[in-house]
Each structure stands twice: as structure tokens, then as C-alpha cells.
2 protein chains.
Amino acid sequence: MVKNSSNTRAGRLRQLSQERRETERKELRQLILDAAGELFAQDGYEAFSLRRVAEHIGYSPGALYRYFDDKDDLLFNVADEGFKLFRTSQAAAATSGSDFTQTLRAMAHAYVAFGMQHPTYYRLMFMERPDLLFKSRQDQASEWLRALTEYQEVFAAAVQAGKLRAGDPAAMSEAWWAVLHGIVALGITMGFLFDAERIQRMLDNALEMFFHGYGSQP
Amino acid sequence: MVKNSSNTRAGRLRQLSQERRETERKELRQLILDAAGELFAQDGYEAFSLRRVAEHIGYSPGALYRYFDDKDDLLFNVADEGFKLFRTSQAAAATSGSDFTQTLRAMAHAYVAFGMQHPTYYRLMFMERPDLLFKSRQDQASEWLRALTEYQEVFAAAVQAGKLRAGDPAAMSEAWWAVLHGIVALGITMGFLFDAERIQRMLDNALEMFFHGYGSQP
DNA sequence: CTCGGTATGTGAACAGTGTTCACTGAGAAT
DNA sequence: ATTCTCAGTGAACACTGTTCACATACCGAG
């Protein structure tokens, strides 16, 4: 039984040693995670391999299994990093403009910018393995849904304020999310067709469509 | 030198034999392709493997390389099958409604239905490896762009007829394509969030948005 | 009919992947 | 000082795509 005995010399030593081992463990875990993030961003999803991560930090492949259950588990934790970036960029945009129109524009541009600047993250998060974000940990899974519900709140407020026409805010935000996702997905997977400027114009067109529609009747 | 000599018995035999070998070759090629398509639709992109295709038809893995350059080459030809399906379904929808609104609705529903009914094909064609459709063969590459330009033509006609407000038809169709792609992509990769009915509602909402917009001002 | 050539399929090999596991070796606990 | 725990290793397993020397069967010509 381990007692909380820091009054004796042996007790203090034991505790310090335990703490040190704990921080060492966390440091190595972080080292793996950093290396994984770097290699992932560099080589993309397909070429990403456990063995190369291990080699990159000078460990044997099997060692990583002391810190992560699986390749999927490792990827999940990498995706988490991407989600932090995504959430902060979205949150910043959400509180930028005073007008709803401006706010939505800012959030949309932030969304697309994130996808274009971190294509591998976006791929992993929203395209390749979105299932990763659901299983695994419950406390972090909500992180993922929160970004989605954030849009809904903005939309609900806009409908209530009369900035948008009456209707189901959830349905509207879903449809708008589909637009954003479609633009980013096309931009990422068909970079040879759509360069950055064209994606920008596409987004502007989509915003125009969103607000005013393309129909001719008033 | 091979002369076109079907007047002698030996000549006829030679020609028939050559024809037979040729058809045998085509048959085996088709057998591989069918098996590949089956396994691909069954197991999806990630689990798809050359060796399993070979095993499935009772050949050694190396044999496939007599008929396809590469795994990519094989996948490209599988994708081609998907494109035939896609194109015919789109073409049928394009000539269905007399009114533009109806036509666009029909095409949109066909688009989404294709994605939901053939998720692995859609993944391969538009998400996983769209690069496959560009390199490889020039004559078939246009096949892929034609489906895209078809939308543009419909839009151009609609603008000219006053069914849509004035503007660049290409930009409009691109934006609308992004919407469709976004809906299907979300439906495919996040099937646990969006079931078929919800995707349907999402599409209806998107059509509403497309025609009338979500803004409150007239 | 026999010879030479041509194309086809095989089997083994290579380099890579994720994952497991018996084993060291060092440090902590007793 | 001895036991115990745990991190890390290295080898193995079952896969993957791809290549290549080789056997083999068949075709065309002499």
C-alpha cells in the first residue's frame, strides 16, 4: 500500500521518483504525438505509418503500443490536435462581426481557410475517418459535435432576430454546412481543378446563393 | 509479315486462332474487372487488395499485371464502371422534366441517390482518388468532365430562359455542385449521423435555399 | 513434323505495413 | 539484497503491392 508519507526522506524520494516517471511518460507520449502530427501533415493519410513514426524518434515499433492502443488510437489523438485548431479559428470568427451577415461570412471564410491550410487534418477529421471522433473518448467526442451545434446557435439567433427568414434553424445550418463541406472537399481532393482563388470565388458565390437564392422570381 | 490470307485453309485457321486468343484475353480481363468490382463494392477502398482479387478468380497475383499496369490502373477501370452508371442516371434525369425547376430537382435527386446507393463508387470517383480519372486515358477523361459541364449547360439554358437570375452560369453550377457533393459526402462518411431520410430532407432544404435563399429581405 | 519464338501464368522474392509476444534490463518496493 | 514491475527490444506473423526468372503451352514458319 502506498501511503502519502512525505515526512520521511525515503517517502519524499519515492514520491519524486514516481512523479518523474510520470512526467517522463507524458513527455514521450507527447514526443510520439508530435512526430506523428509532423509526419502526418507531411506525408498525408495514406503514407502515414507507425513504423516511420517510431523510426523518426528512435524507438522500435512495438514501443508505441505502450502509449497507444492502436494506429487508430494514435490517429485519433492526432485528429484532436486538428480539432483544437479548428475550434479556435471558428470561435474567433464567431465573435468577430457584429452583424449576422458579417459573422456568417467570417465563419465561412474561416472554415474554408482551415480546410485549405490544413488539408490533411481536414481529411482525417471530416472525410477519411470521422468515425474516429465518435468512438474512443466520450469527453472529447462532444468537442466535435460542439463545433456543429455552434452553427445552429448562430442560425437560431439570426432567425429570431429576423435576419433570416422563418424556418428550422437546424435544417438551415445543416444545409449550409453541406455547402461548406462540399467546397472544402472539392478544393482538397480536386486541387488540380480548383486552385485557392477559385475556391474563394466559389465560396462567395455560395454565400450569394445562401442569402438571395438563384431563382428569378421575387 | 502477316498477310490477310483467308483463302487458304492454313490462313483461315491462323486468323480464327488469333481471334480466339484475343477474345480469351478480353474475357479474362473482364473476369478480373468483374471480380475487382465485386470485391471493391463489398469491402470498400481500404480493404481492397490485388491479391484477394487474384485469389478470388484463382490466379496468382502476378498474373493480373499482364492485364493492368498497376493497382491504380485496375481501380481506374473499376471507377469507369461507376462512371457509366453515374452518367446514365444523370442523363435520364436531365431529360425527364420539361420545366427547369423539375429538371434540376430530378438531377439533384439522381445525384444524391447515386451517391447513397453506390457509396464505394462515389468515394472512389469523387473523394478518394479523383486523380485517377484525369491521368490514364485521355479519351475517357473527358467522360468525367462531361458530367460536370452538363450541369453548366442546364444552368446556361435556364439563365437565358429567365428561369434563373442573371449571372455566370458556370459559377452557379459550381456552387450547386459543391452543395450536392457536400450532401453526399456527409451522407457517406457520416452515415452514423445522417441516415437516408435525413439526407433527403437536407437535399430538399438545399433546393429551397438554392431557389429562394435564406435571407429575409425580398 | 520439327524447330524457334512468343506470350501467359507461376512461384519466389523484396520491401513495406500493423500487430503480438517472449524476452531482457533497469529501476522501485519490500 | 531480493523480488517485482514495467518500458523497450527484436523477432515473428500475416498481410500488402510489385518484380522477375522460369516453365510451359501454343503459334507461325521452314
Side-chain angles (χ1 to χ4, degrees), chain A residues 1-5 8-32 36 39-40 43-76 78 129 132, chain B residues 1-6 8-29 31-32 36 39-40 43-76 78 129 132:
Chain A
M1 201 52 162
V2 175
K3 288 167 287 186
N4 182 14
S5 53
T8 77
R9 163 158 283 158
R12 270 172 294 174
L13 186 87
R14 189 176 53 200
Q15 188 178 345
L16 285 174
S17 151
Q18 192 177 333
E19 281 175 15
R20 194 208 55 206
R21 267 188 304 147
E22 216 164 291
T23 60
E24 274 179 3
R25 195 161 206 289
K26 269 186 188 162
E27 275 175 13
L28 181 46
R29 204 189 126 95
Q30 194 55 47
L31 183 67
I32 297 172
L39 289 183
F40 181 77
D43 308 335
Y45 178 76
E46 302 256 313
F48 179 79
S49 111
L50 268 187
R51 296 181 110 100
R52 290 198 20 203
V53 174
E55 194 188 10
H56 193 257
I57 57 176
Y59 282 83
S60 76
L64 307 201
Y65 285 81
R66 291 283 145 119
Y67 299 87
F68 300 94
D69 299 342
D70 231 337
K71 192 193 184 184
D72 277 3
D73 188 31
L74 179 54
L75 277 180
F76 170 81
V78 170
R129 302 300 306 279
L132 283 185
Chain B
M1 198 55 165
V2 173
K3 288 168 285 185
N4 183 14
S5 53
S6 56
T8 78
R9 163 158 282 158
R12 268 171 296 173
L13 185 86
R14 191 177 52 199
Q15 187 178 345
L16 285 174
S17 151
Q18 191 177 335
E19 282 174 13
R20 195 207 56 204
R21 266 188 304 145
E22 216 165 292
T23 61
E24 274 179 2
R25 195 159 207 290
K26 270 187 188 163
E27 275 177 12
L28 181 44
R29 203 189 127 95
L31 183 65
I32 298 172
L39 290 182
F40 181 77
D43 308 335
Y45 178 74
E46 303 255 314
F48 179 79
S49 110
L50 267 187
R51 295 181 108 101
R52 293 203 10 209
V53 174
E55 194 188 10
H56 193 258
I57 57 176
Y59 282 82
S60 74
L64 306 202
Y65 284 82
R66 294 284 149 134
Y67 298 87
F68 301 93
D69 299 342
D70 228 339
K71 191 192 185 186
D72 277 3
D73 188 32
L74 178 54
L75 277 180
F76 170 81
V78 169
R129 304 296 307 277
L132 283 184

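Throughout, a chain's letter reflects where its sequence line sits, starting with A, and its residues are numbered from 1.
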**Q.** Distance in Å, B:Arg29 CZ paired with B:Phe68 CZ, rounded so as to fall on 0.5 Å steps
**A.**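 B:Arg29 atom CZ to B:Phe68 atom CZ measures 4.0 Å (nearest 0.5 Å).
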Q) At what distance, to the nearest 0.5 angstrom, does CG of B:Leu31 lie from OH of B:Tyr67? A)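 If we round to the nearest 0.5 Å, B:Leu31:CG and B:Tyr67:OH are 10.0 Å apart.
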Rounded to the nearest angstrom, tell me the gap between atom [atom1] in [X] and atom [atom2] in [N].
X	N	atom1	atom2	value
B:Tyr67	C:dG9	OH	C1'	8 Å
A:Glu55	D:dG10	CD	P	13 Å
B:Arg29	C:dT8	CZ	P	13 Å
B:Ile57	C:dT8	CD1	P	15 Å
A:Glu24	D:dC6	CD	C1'	13 Å
A:Leu28	D:dC6	CG	P	17 Å
B:Phe68	C:dT8	CZ	P	13 Å
A:Leu64	C:dT19	CG	C1'	11 Å

Cut-off 3.5 Å, no hydrogens considered: what does the side-chain donor-acceptor table look like for residues 47-60 of chain A, sequence neighbours left out?
from, atom 1, to, atom 2, distance (Å)
A:Ser49, OG, A:Arg51, N, 3.3
A:Ser49, OG, A:Arg52, N, 3.1
A:Arg52, NH2, A:Asp43, OD2, 2.5

Q | Heavy-atom side-chain contact between A:Tyr45 and A:Leu75 under 4.5 Å | A |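 Yes - at least one pair of side-chain heavy atoms lies under 4.5 Å apart.
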**Q.** B:Asp69 to B:Asp73 - nearest heavy-atom pair and separation
**A.**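 It is N-OD2, 3.1 Å.
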Polar-atom pairs under 3.5 Å, protein N or O versus N or O of nucleotides 16-22 of chain D: list them with distances, or write none.
from, atom 1, to, atom 2, distance (Å)
D:dT16, OP1, B:Ser49, OG, 3.1
D:dG17, OP1, B:Leu50, N, 2.7
D:dG17, OP2, B:Leu50, N, 3.2
D:dG17, OP2, B:Arg51, N, 3.3
D:dG17, N7, B:Arg51, NH1, 2.4
D:dG17, O6, B:Arg51, NH1, 3.0
D:dT18, OP1, B:Asp70, OD1, 2.5
D:dT18, OP2, B:Tyr65, OH, 2.8
D:dT18, OP2, B:Asp70, OD1, 3.4
D:dT18, OP2, B:Lys71, N, 3.0
D:dT18, O5', B:Tyr65, OH, 3.0
D:dT18, O4, B:Arg51, NH1, 3.4

Q) Taking only residues two or more places apart in sequence, or in another chain, which ones meet B:Glu27 in a salt bridge (Lys or Arg N to Asp or Glu O under 4.0 Å)? A)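 If we apply the salt bridge (Lys or Arg N to Asp or Glu O under 4.0 Å) test to B:Glu27, skipping adjacent residues, there are no hits.
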**Q.** B:Tyr59 side-chain N/O to C:dT8 phosphate OP1/OP2 under 4.0 Å
**A.**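 No.
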